[in-house]
2 protein chains.
Amino acid sequence: MPKPSIIEDNLSSQDCADCPIRHRAVCARCESEEMALLEEVKYYRTFQAGQTVIWSGDRMDFVGSVVTGIASLTQTMEDGRRQMVGLLLPSDFIGRPGRQTAAYDVTAISDVVMCCFRRKPFEEMMVRTPRIAQRLLEMTLDELDAAREWMLLLGRKTAREKIASLIAIIGRRDAELKLRSAGNDLTFDLPLTREAMADYLGLTLETVSRQISALKRDGVILLEGKRHVTVPDFDRLLEEAGDDTDGGLLV
Amino acid sequence: MPKPSIIEDNLSSQDCADCPIRHRAVCARCESEEMALLEEVKYYRTFQAGQTVIWSGDRMDFVGSVVTGIASLTQTMEDGRRQMVGLLLPSDFIGRPGRQTAAYDVTAISDVVMCCFRRKPFEEMMVRTPRIAQRLLEMTLDELDAAREWMLLLGRKTAREKIASLIAIIGRRDAELKLRSAGNDLTFDLPLTREAMADYLGLTLETVSRQISALKRDGVILLEGKRHVTVPDFDRLLEEAGDDTDGGLLV
DNA sequence: CGGACCGTTGAATGGTTTCAAAGGTCGTGG
DNA sequence: CCACGACCTTTGAAACCATTCAACGGTCCG
């Protein structure tokens with residue numbers, strides 16, 4: 001029997017005010033009265049690493065946000081080829097208002113806690129409280145931008161560039177969370193298996209493994225174990241990713 | 001000197017009630033008073049095939065919709081590799097409220113007529129009239145779905161499947177516009193050059209050419225000239241595209 | 001006629017995949 | 001405690017698909 005986490009213990013009593021994604025999720029713009037309404041209808045669900053949150057085509061009666069952990073959106077072809085089409089991080093939204101069935105497979109990559117709302121009440125709230133709809137629009141536009149950057153990666157980058165890009169993306173996000181010091185090197189864990197990275201990048205897991213080894217051999221990254229990465233020179237990594245070095249400023 | 005089109009002649013007098021995209025564009029949900037407000041601040045712009053609408057990074061003081069014609073959103077890497085990240089058809093929206101600079105190159109593929117709004121007034125209207133924001137959210141969610149299907153194509157499909165998919169997409173859209181008869185074959189023009197298709201599909205133009213020839217040789221499509229396509233058996237085409245044959249029903 | 005585009009086709013190259021084998025870690029059960 | 005299987009990862013060799021480089025045909029237009 002797995003030991004219950006702090007959050008699992010407090011599933012029903014979790015207070016929105018203490019929520020780690022309070023200022024980034026779909027509720028970010030809501031004010032106290034609106035929060036109270038949401039708080040009444042919300043509920044938490046947890047998923048273990050590897051567990052399926054929902055299958056593509058299944059009926060979906062809820063929408064929600066990732067509170068902690070990481071999940072993936074994937075599409076699968078009949079013959080089994082798979083492509084990840086979304087990487088869901090804390091505060092990211094799952095589900096589409098107005099849609100009854102899931103369009104993608106959603107899988108918990110790490111242990112995941114979700115904050116859910118039943119779909120119908122949520123849709124009704126969206127009509128009445130424009131702040132939710134505004135925030136959802138903003139988040140959807142951000143996701144669309146991310147998807148488009150991803151399309152460039154999938155369509156035009158080499159395997160080496162794809163790996164470098166992925167490490168840069170994860171590293172950058174991690175740095176944001178940690179409010180890192182001025183130091184130029186960056187240390188973090190890759191939350192994905194080689195196979196999940198392959199699904200993300202449109203590669204095979206063997207190619208992923210080979211290219212990670214190559215980047216390590218060339219000193220672009222340092223590895224401790226399989227998952228723990230140090231980036232000694234982030235600009236070098238961005239060069240390897242084929243990204244405009246100054247791209248980060250505009251985004 | 002190019003002969004002015006009917007629409008160019010009527011740029012200033014175009015009436016929203018007669019607009020071909022009235023019921024699909026960002027204004028689709030607006031009612032008469034809101035339409036009147038929009039009608040006051042709108043203006044038309046035309047672009048010739050091949051002309052650039054805006055360059056990535058340029059200041060963008062307007063947003064708008066494609067009224068007629070086709071445009072592309074592309075990203076370019078420093079060394080010149082290009083990837084199309086959006087194909088803009090009539091009623092599709094260009095620009096992001098709240099963003100001052102263009103994130104992508106926008107290019108007219110055919111001659112294009114756009115219905116534009118200055119960004120600031122449009123943003124203010126969006127706050128006041130939720131119907132515009134609602135419709136924009138819906139359109140953005142649709143685009144996100146399209147982008148994700150595209151990601152599967154870019155990451156996992158073979159060159160042959162990519163070409164078949166593109167032809168299926170264009171054919172299906174064309175069929176919708178034409179309200180086609182019950183007949184099973186489908187005839188239409190490819191609005192893209194081989195190079196534009198390559199940018200769309202993450203291929204080289206030579207590979208595009210070869211795979212189109214192969215599909216023709218195998219009887220999946222018939223070609224008259226370079227651009228005019230007939231699909232004798234749409235299900236066969238979908239098979240070649242690697243799509244779930246019944247996928248269309250759920251989408 | 002010459003040049004600019006667009007498109008097709010051939011041959012060689014090469015990057016990624018495929019197939020195969022093996023090492024490492026972890027948890028479970030004998 | 002160790003053996004075992006499940007899972008994740010690495011690495012090698014061969015095969016293959018798409019790219020690259022190159023040449024050429026067709027059309028349009030100045």
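Lettering of chains follows the sequences in order, A, B, ..., and the numbering in each one begins at 1. Predicted model only: the values in this text are computed from it and were never measured.
In this structure a side-chain-to-backbone donor-acceptor pair under 3.5 Å is present from Gln83(B) to Asp199(B).
One finds no side-chain N or O of Thr207(B) lying less than 4.0 angstrom from the OP1 or OP2 phosphate oxygen of dA18(D).
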When you compare the protein's N or O atoms with those of nucleotides 6-10 of chain D, which come within less than 3.5 Å of each other, and at what distance?
| from | atom 1 | to | atom 2 | distance (Å) |
| --- | --- | --- | --- | --- |
| dT9(D) | OP1 | Arg227(A) | NE | 3.1 |
| dT9(D) | OP2 | Arg194(A) | N | 2.6 |
| dT10(D) | OP1 | Arg194(A) | NH2 | 3.1 |
| dT10(D) | OP2 | Arg194(A) | NE | 2.7 |
| dT10(D) | OP2 | Ser209(A) | OG | 2.6 |
| dT10(D) | O5' | Ser209(A) | OG | 3.1 |

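In this structure, the salt bridge (Lys or Arg N to Asp or Glu O under 4.0 Å) partners of Asp145(A), at least two apart in sequence or on a different chain, are Arg96(B), Arg99(B). By the side-chain hydrogen bond (donor to acceptor under 3.5 Å, both in side chains) test, Asp58(B) is found to be paired with no residue, residues two or more places apart in sequence or in another chain being considered. For the side-chain contact (heavy atoms from CB on, under 4.5 Å) test, residues two or more places apart in sequence or in another chain that qualify with Ile169(B) are Tyr200(B).
Here Arg236(A) pairs with Glu240(A) in a salt bridge; the nearest charged N to carboxylate O distance falls below 4.0 Å.
Lys162(B) NZ to Met197(B) CE: the interatomic distance, rounded to the nearest 0.5 Å, is 14.5 Å.
Residues from residues 158-169 of chain B that place a heavy atom under 4.0 Å from any atom of DNA chain D, listed by number: Thr158(B), Ala159(B).
Here the P atom of nucleotide dT19(D) and the NZ atom of Lys157(A) are 18 Å apart, to the nearest Å. The distance from atom CD1 of Ile109(B) to atom P of dC5(C) is 17 Å, rounded to the nearest whole Å. The distance between atom CZ of Arg81(A) and atom P of dT16(C), rounded to the nearest whole Å, is 18 Å. The distance between atom CD of Gln83(A) and atom C1' of dT17(C), rounded to the nearest whole Å, is 15 Å. Going from atom CG of Asp79(B) over to atom C1' of dT19(D) covers 14 Å, rounded to whole Å. In this structure, CD of Gln211(B) is placed 16 Å from P of dG7(C), rounded to the nearest angstrom. With rounding to whole Å, Arg156(B) atom CZ is found 13 Å from dT16(C) atom P. Atoms CG (Leu203(B)) and C1' (dT8(C)) sit 16 Å apart, rounded to a whole Å.
Sorted by first then second residue, the side-chain hydrogen bond (donor to acceptor under 3.5 Å, both in side chains) pairs that include residues 214-225 of chain A, not counting sequence neighbours, are Arg160(A)-Asp218(A).
Side-chain contact between Leu192(A) and Leu87(A) is present, with at least one heavy-atom pair separated by less than 4.5 Å.
Arg81(B) CZ: more than 12 foreign heavy atoms inside a 6.0 Å radius.
Contacts of Gly50(A) with the nucleic acid, taken as non-hydrogen atoms under 4.0 Å apart, are absent.
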